Amino acid sequence: MKEIKAFIFDLDGVITDTAKYHYKAWRRMANELGFDFTEEENEQLKGVGRMESLEKILQWGGITLPEEEKKRLADQKNQWYLEYIQDISPNDLLPGAREFLLATRDAGIKSALGSASKNAIPIVEKLGVLHFFDALIDGNKAPKSKPDPQVFLLGAEALNAKPEECIVFEDSLAGIQAAKNGGMHTVGIGYMLPPDVADFHAGSLEFLTPSIVITEVLKHST
Ligand code: BG6
Ligand code: MG
């Protein structure tokens, strides 16, 4: 019998909906540079690190810039993003997130945060769910952008779990690929993912329990 020992949660789009603020801030930057990009294009930025996201956006706008200007733009975007999220509170948790984290702890399953964001830890603190996590891996600790599995492998290691003992909860394609590249099971959260990319899909963490998730995921693994 396969054993699941740990759950690893992405932040943006799984625990809270900060993705809309990333989009708003990047769009503001693009608009100042004289172009725009769509919500569909924005999907490609989910789970992707700050500088990698900037590179993609500049490519869409057909813009080439020196490194120091790119750094200035990334800093400016982050400043706007921080302004948008400054009042974030437990009210901004996605439906079922708190309950699921609590049920995970009660079931004796270890939890880690596995986020590409360098702002992840202060956000989790403001959401009031920091204490649910046994390990916190953010974009500062894991510089390699998803789909590289680094962020999740560091999470598994911190929880003393093997990759095959972990289930990753992700809303982005890059994140699902990162988990698969790391040899982990996957739960796709939200409706933006293509069908069947994850072992199991759900609209949100609402109505899920750790045992439902484990049963469904293991049905799909060989
Ligand atoms: C991810 C988001 O969680 O973090 C991406 O899905 C974002 O959209 C990335 O680019 C990096 O975030 P930050 O806060 O370090 O700029
Ligand atoms: Mg995400």
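One is the number of the first residue; the rest follow in order along the sequence. Only a predicted model underlies this, so the values are computations on that prediction, with no experimental measurement involved. For ligands, and for the atoms within them, numbers begin at 1 and follow the listed sequence.
Ranking the protein heavy atoms by distance from atom 3 (O) of ligand 1 puts Asp12 OD2, 2.6 Å first. Looking at atom 16 (O) of ligand 1, its nearest protein heavy atom turns out to be Arg50 NE, 2.8 Å. Of the protein's non-hydrogen atoms, Val48 O, 3.2 Å is the one closest to atom 9 (C) of ligand 1.
At a heavy-atom cutoff of 4.0 Å, ligand 1 is contacted by no atom of Thr18, backbone or side chain. By the criterion of a heavy-atom distance under 4.0 Å, both the backbone and the side chain of Ala116 are placed next to ligand 1. If you look at Lys118 next to ligand 1, the close heavy atoms, those under 4.0 Å, come from the backbone and the side chain alike.
Cation-pi check for Lys24 over Tyr84 is met; the charged atom lies under 6.0 angstrom from the ring centroid and within 45 degrees of its normal.
If you check each of Ala174, Gly47, Ala19 against atom 6 (O) of ligand 1, the one with the closest non-hydrogen atom is Gly47.
Listed by number with element, the atoms of ligand 1 under 4.0 angstrom from any heavy atom of Ser53 are 10 (O). Annotation for ligand 1: atoms under 4.0 Å from non-hydrogen atoms of Leu45 are 5 (C), 8 (O). For ligand 1 and Asn119, the ligand atoms under 4.0 Å from any heavy atom of the residue are 13 (P), 14 (O).
The distance criterion of under 3.5 Å between nitrogen or oxygen atoms is not met by Lys46 with respect to ligand 1. Any N or O atom pair closer than 3.5 Å counts here, and Ser117 shares at least one such pair with ligand 1. Inclusion of Asn78 in the set of residues having an N or O under 3.5 Å from an N or O of ligand 1 is not warranted.
Taking 4.0 Å as the cut-off between side-chain N and carboxylate O, Glu170 and Lys146 count as a salt-bridged pair. Contact check on Asp75 versus Arg72 returns no salt bridge, with no Lys/Arg side-chain nitrogen under 4.0 Å from an Asp/Glu carboxylate oxygen. Note on Lys126 versus Asp87: no salt bridge recorded, every NZ/NE/NH1/NH2 to OD/OE distance being 4.0 Å or above.
Separation of the Phe207 and Phe100 ring centroids does not fall under the 6.0 Å cut-off.
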Do Tyr81 and Tyr21 pass the ring-ring contact (aromatic ring centres under 6.0 Å, His included) test, and can you show the C-alpha distance, the side-chain angles, and the key distance before you say yes or no?
CA-CA 6 Å; Tyr81 176 68; Tyr21 300 119; 7.1 Å; no

Show your working on side chain to side chain contact (heavy atoms under 4.5 Å, CB included) between Ile63 and Leu65 and close with a plain yes or no.
CA-CA 7 Å; Ile63 291 176; Leu65 292 172; 3.6 Å; yes

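Residue-ligand proximity: Gly139 is placed with every non-hydrogen atom at 4.0 Å or more from ligand 1.
In this structure, Asn181 contributes its side chain and Pro147 its backbone to a donor-acceptor pair below 3.5 Å. Not a single donor-acceptor pair under 3.5 Å links the side chain of Ser115 to the backbone N or O of Asp138. Under a 3.5 Å cut-off, the side chain of Tyr23 and the backbone N or O of Asn42 do not form any donor-acceptor pair. Between the side chain of Glu41 and the backbone N or O of Thr38 there is at least one donor-acceptor pair closer than 3.5 Å.
For the residue pair Lys46 / His22, no side-chain donor-acceptor distance below 3.5 Å is found, with atom types taken as modelled.
The heavy-atom pair separating Ser89 from Leu127 by the smallest distance is O-CD2, 3.4 Å.
For the Mg ion (ligand 2), the count of nearby protein N, O or S atoms, meaning those under 2.8 Å away, is 3.
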